[in-house]
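Reviewing the structure listed below.
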Amino acid sequence: MELLNTKYINVNGSLMDLSTPCVMGILNVTPDSFYEGSRMQTETEIARRVEQIMEEGAGMIDVGAYSSRSNAENISPREEMERLRMGLAILRKVQPDAVVSVDTFRADVARMCVEEYGVAIINDIAAGEMDKDMFRTVADLNVPYIMMHMQGTPQNMQRHPHYDHLLKEVFLYFAQKVQQLRDLGVKDIILDPGFGFGKTVEHNYELLAHLEEFRLFNLPLLVGVSRKSMIYRLLGTTPEEALNGTTVLDTISLMKGADILRVHDVREAVETVKIVGAIHNA
């Protein structure tokens, strides 16, 4: 089985080749993200984390200012923008040429980040469901768009997630969304199955078991399982103890066609990419 189809995305006017999987390092400028070790609040913490992500070999930095963990507080757009302005200003000072994505479901926040800080990619957990202006905004900004599948909102997604046919419903969801984006002229679309978002542990592993089937869309695929509850709840541990489980699931994801790994632990993910690549090239 081939590791990947060759896929490219246009990032700041240059083509990024995803035939070798890319590692996206997470920078959370939040006080309440589910993994305590990812919370960066001060200028020193943010600068140190940015340098760490790049030194360990990430190809992208994903900046988030709105915690999307289950039952997280719904902060205002103003507060989200204030957090992002601080974080992005520090990031640009430390790593001015880094490829940056912003994790937001709000169109106005996305526009601010692209126009004021040169953010290259918008990463939307809601695929336009929580802001009706998001699709048109992304089309207007002409940037790559990561859209994730989520049932519900961060405030209610884990209360009673239910599917009559999980894969069919997720695939139909993406098919409809991709068509809407194409009709608006959006060129670079990346799919994220949304592990942990409106899904039980069983749902998550069913998606993982069929991950290679997402190739039918012929679009880049992002996988974000880093230290998530599908690992630590299954093992009866904590996010802090979920690194080994993350590496196992990242390995499986790469073998099944993941193009981008969104992770807290960059060095380990980069090493995983190299090892899986060596296996397929042997």
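Given the structure is predicted, the values throughout are model-derived calculations rather than measurements.
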Pair His203, Tyr163 - check ring pair (Phe, Tyr, Trp, His ring centres under 6.0 Å), show working. CA-CA 9 Å; His203 290 148; Tyr163 301 86; 4.9 Å; yes
Could you tell me if the side chain of Ile260 sits less than 4.5 Å from the side chain of Pro21, heavy atoms only?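 No - every pair of side-chain heavy atoms lies 4.5 Å or more apart.
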Compare all side-chain heavy atoms of Arg111 with those of Asp140 and state whether any distance is below 4.5 angstrom. yes
At their closest point, which heavy atom of [X] faces which heavy atom of [Y], and how far apart are they?
| X | Y | value |
| --- | --- | --- |
| Gly87 | Val29 | CA-CG1, 4.1 Å |
| Leu167 | Glu213 | CD1-OE1, 4.4 Å |
| Ala242 | Ile231 | CB-CG2, 3.9 Å |

Check the pair Met134 / Asp124 against side chain to side chain contact (heavy atoms under 4.5 Å, CB included), numbers first and verdict last. CA-CA 9 Å; Met134 180 59 93; Asp124 180 6; 3.5 Å; yes
Residues, nucleotides or ligands: over 12 heavy atoms within 6.0 Å of Arg136 CZ: no
Please walk me through it: do Leu208 and Ile252 pass side chain to side chain contact (heavy atoms under 4.5 Å, CB included)? CA-CA 8 Å; Leu208 184 63; Ile252 294 169; 4.1 Å; yes
Salt bridge check, Asp259 against Lys7: does any charged N sit closer than 4.0 Å to a carboxylate O? yes
N-O pairing of Glu129 and Lys177 below 4.0 Å: yes
So, does Arg48 use its side chain to make a donor-acceptor pair with the main chain of Gln52 at under 3.5 Å?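 Such a contact is absent between Arg48 side chain and Gln52 backbone.
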Nearest 0.5 Å, what's the [atom1]-[atom2] distance between [X] and [Y]?
| X | Y | atom1 | atom2 | answer |
| --- | --- | --- | --- | --- |
| Leu15 | Asn12 | CG | CG | 12.0 Å |
| Lys199 | Leu207 | NZ | CG | 6.0 Å |
| Leu261 | Cys22 | CG | SG | 8.5 Å |

If the condition is side chain to side chain donor-acceptor pair (under 3.5 Å), which residues does Glu241 pass it with, not counting sequence neighbours?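 Glu241: side chain to side chain donor-acceptor pair (under 3.5 Å) contacts with Thr238.
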Got a sec, which residues hit salt bridge (charged side-chain N to carboxylate O under 4.0 Å, His left out) with Asp62, two or more places apart in sequence or on another chain?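 Asp62 satisfies salt bridge (charged side-chain N to carboxylate O under 4.0 Å, His left out) with Arg262 once adjacent residues are dropped.
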Will you find, in the side chains of Asn28 and Thr30, an N or O donor that is under 3.5 Å from an N or O acceptor? no
When you compare the side chains of Tyr66 and Asn74, does any donor N or O come within less than 3.5 Å of an acceptor on the partner?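 Indeed, the side chains of Tyr66 and Asn74 share at least one donor-acceptor pair under 3.5 Å.
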